[in-house]
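For reference, positions follow the sequence shown, starting with 1.
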Amino acid sequence: SAAKAALGEGMMMCVAGEVTCDDIAWLDSMGVETVLGPQLLSGEVTLGDALGAALVSDRPDGLIPTVVVDEDLVSLGLCYSKRASVREAC
């Protein structure tokens, strides 16, 4: 995409147009934080998809370590989640 073509390592940029989950994953791998305002509001990208794109697992089964908390942010424990579960929770 245009974002991948324009960004060199160590640079920062603001993408105002279309952003895909692949773009988010690539930008994250380059150490660039992605700010999604209009894309989230328009439904172009969901919060769960954006978060899932940036998550990386070193486990052979691809599960993501996830801390479960209650409404008061008290930790209930650690579990391992599929990307689909993370998407659904957002």
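Other residues sharing the hydrophobic cluster of Y80, ordered by chain and number and joined by side-chain separations under 4.5 Å: L63, V67, V69, L73, L78. Hydrophobic cluster membership of L76, counting Ile, Leu, Val, Met, Phe, Trp and Tyr whose side-chain heavy atoms lie under 4.5 Å apart directly or via other members: V68.
For A50, the side chain to side chain contact (heavy atoms under 4.5 Å, CB included) test picks out I24, L36, V45, with sequence neighbours left out. Checked against salt bridge (charged side-chain N to carboxylate O under 4.0 Å, His left out), D61 has the following partners two or more places apart in sequence or in another chain: R59. For the salt bridge (charged side-chain N to carboxylate O under 4.0 Å, His left out) test, residues two or more places apart in sequence or in another chain that qualify with R87 are D49. In this view, T66 and S81 satisfy the side chain to side chain donor-acceptor pair (under 3.5 Å) rule, not counting sequence neighbours.
Evaluation of the salt bridge (charged side-chain N to carboxylate O under 4.0 Å, His left out) test over residues 67-83, restricted to residues two or more places apart or in two chains, returns none.
Taken to the nearest 0.5 Å, the CG atom of D28 stands 12.5 Å off from the CG atom of D23. Taking CG from L55 and CG from L51, the interatomic distance works out to 4.5 Å, rounded to the nearest 0.5 Å.
The two atoms that bring C21 and A53 nearest to each other are O-CB, 3.4 Å, heavy atoms only.
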